[in-house]
Amino acid sequence: MKHIFQKGNDQDKPTLLLLHGTGGTEQDLLPLAEKIDSDANVLSVRGNILENGMPRFFKRLAEGVFDEEDLIFRTKELNEFLNEAAEKYEFDRNNIIAIGYSNGANIASSLMFHYKDALRAAILHHPMVPRRGIDLPDLTGKHVFIAAGTNDPICPAQESEDLKSLLENAGARVVLHWESMGHQLTYNEVETAGKWYKSL
Ligand code: MLT
């Protein structure tokens, strides 16, 4: 997968996996990684799908309606890419923390829904529930920070509540942070995610 890897100053720190929103690139979230932990490795990946020229991490049938078969395939592809990248760049495969926005947050939560040890933790900005009606792996010991907007037209508030419950029922510890905003990524939610990250 097309990506950027930046080696951090401190190899005891996690590797921050950056996953952009629809129409984004691997450049987009680099400032977030700098803000969250400037000493950590950064692996920023570009989604393999193009929707009218806009990169994404998996196909959708309509706004908010995911192509489940492609989601499963792309989630596996990303998980395998993480295995390969950990070997190639010599970072700890068991210490990856995802930071995703919108479509990137959705593939990050899909990694957790399908693979027990894909991620150690995740910061999910404006995610949806990636799939319903499946048993999640045991996520005991995993940590998730969800930032959601009370007026988000793409992710209704109930989606965020449902995602929190599904992850918690699988054993993860989840913090759900609300902004009185829409789908946009706000400075305040990034600041709050940064404080949460320091508490891990
Ligand atoms: C998705 O397709 O993943 C969500 O609808 C959010 C987005 O527009 O990226």
Side-chain angles (χ1 to χ4, degrees), residues 1-4 16-33 43-79 81-82 96-115 118-119 121-134 136 144-167 172 174 176-190 193:
M1 299 182 78
K2 191 163 168 44
H3 65 279
I4 295 169
L16 302 178
L17 170 67
L18 307 183
L19 302 163
H20 61 79
T22 299
T25 73
E26 65 281 12
Q27 301 286 342
D28 288 15
L29 301 186
L30 293 174
L32 259 60
L43 178 63
S44 189
V45 185
R46 185 184 296 196
N48 266 345
I49 294 298
L50 276 183
E51 181 188 88
N52 301 323
M54 296 185 297
R56 284 178 55 86
F57 287 95
F58 56 88
K59 291 183 193 161
R60 61 180 164 183
L61 305 173
E63 175 70 60
V65 185
F66 302 152
D67 178 333
E68 204 163 286
E69 199 182 316
D70 191 62
L71 173 67
I72 294 165
F73 177 80
R74 297 295 166 190
T75 304
K76 182 169 184 282
E77 181 181 55
L78 179 57
N79 193 46
F81 171 74
L82 296 177
I96 298 178
I97 300 187
I99 304 176
Y101 170 62
S102 193
N103 182 245
N106 294 341
I107 193 95
S109 62
S110 183
L111 280 171
M112 288 188 131
F113 269 48
H114 293 99
Y115 300 100
L119 300 174
I123 297 174
L124 307 175
H125 295 281
H126 305 267
M128 296 172 69
V129 174
R131 268 186 91 188
R132 293 185 186 261
I134 59 164
L136 272 60
V144 181
F145 177 91
I146 300 173
T150 50
N151 301 311
D152 189 333
I154 296 170
C155 308
Q158 190 60 45
E159 280 281 319
S160 314
E161 299 285 0
D162 289 353
L163 181 59
K164 178 174 191 272
S165 306
L166 289 165
L167 291 166
V174 185
L176 174 52
H177 168 82
W178 288 102
E179 292 281 308
S180 312
M181 302 287 275
H183 196 59
Q184 68 267 47
L185 185 55
T186 70
Y187 183 79
N188 189 51
E189 73 189 55
V190 174

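In this chain, residues are counted from 1 in sequence order. Bear in mind that the values here come from a model prediction, so they are computed numbers and not experimental data. Indexing begins at 1, ligand by ligand and atom by atom, following the structure's order.
The pair K164-E161 does not meet the salt-bridge criterion, since no charged nitrogen lies less than 4.0 angstrom from a carboxylate oxygen.
The contact set between ligand 1 and G64, taken as ligand atoms under 4.0 Å from a residue heavy atom, comprises 5 (O).
Nearest protein neighbour of atom 5 (O) of ligand 1, counting heavy atoms only, is E63 OE2, 3.3 Å. Nearest to atom 8 (O) of ligand 1 among the protein's heavy atoms is R60 NH1, 3.1 Å. Protein heavy atom closest to atom 6 (C) of ligand 1, with residue, atom name and distance, is S102 OG, 3.1 Å. Closest to atom 9 (O) of ligand 1 among all protein heavy atoms lies T22 OG1, 2.5 Å. Protein heavy atom at the shortest distance from atom 4 (C) of ligand 1 is N106 ND2, 3.5 Å.
Using 4.0 Å as the threshold, R56 has a heavy atom nearer than that to some atom of ligand 1.
Using cut-offs of 30° and 60° on the angle between ring planes, the pair H183 and Y101 is tilted.
Checking side-chain atoms of D70 against main-chain N and O of K59 turns up a donor-acceptor pair under 3.5 Å. A side-chain donor-acceptor contact under 3.5 Å links H126 to the backbone of Q184.
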Exercise. Show your working on side-chain hydrogen bond (donor to acceptor under 3.5 Å, both in side chains) between H114 and R131 and close with a plain yes or no.
Key: CA-CA 10 Å; H114 293 99; R131 268 186 91 188; 3.0 Å; yes
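The shortest distance between side-chain heavy atoms of L43 and V45 falls below 4.5 Å.
Taking distance alone, with nitrogen or oxygen atoms compared against 3.5 Å, H183 stays at or beyond that limit from ligand 1.
Atom CZ of residue F66 and atom CZ of residue R132 lie 10.0 Å apart, to the nearest 0.5 angstrom.
Comparing Y101, F57, F66 against atom 1 (C) of ligand 1, the shortest heavy-atom distance belongs to F66.
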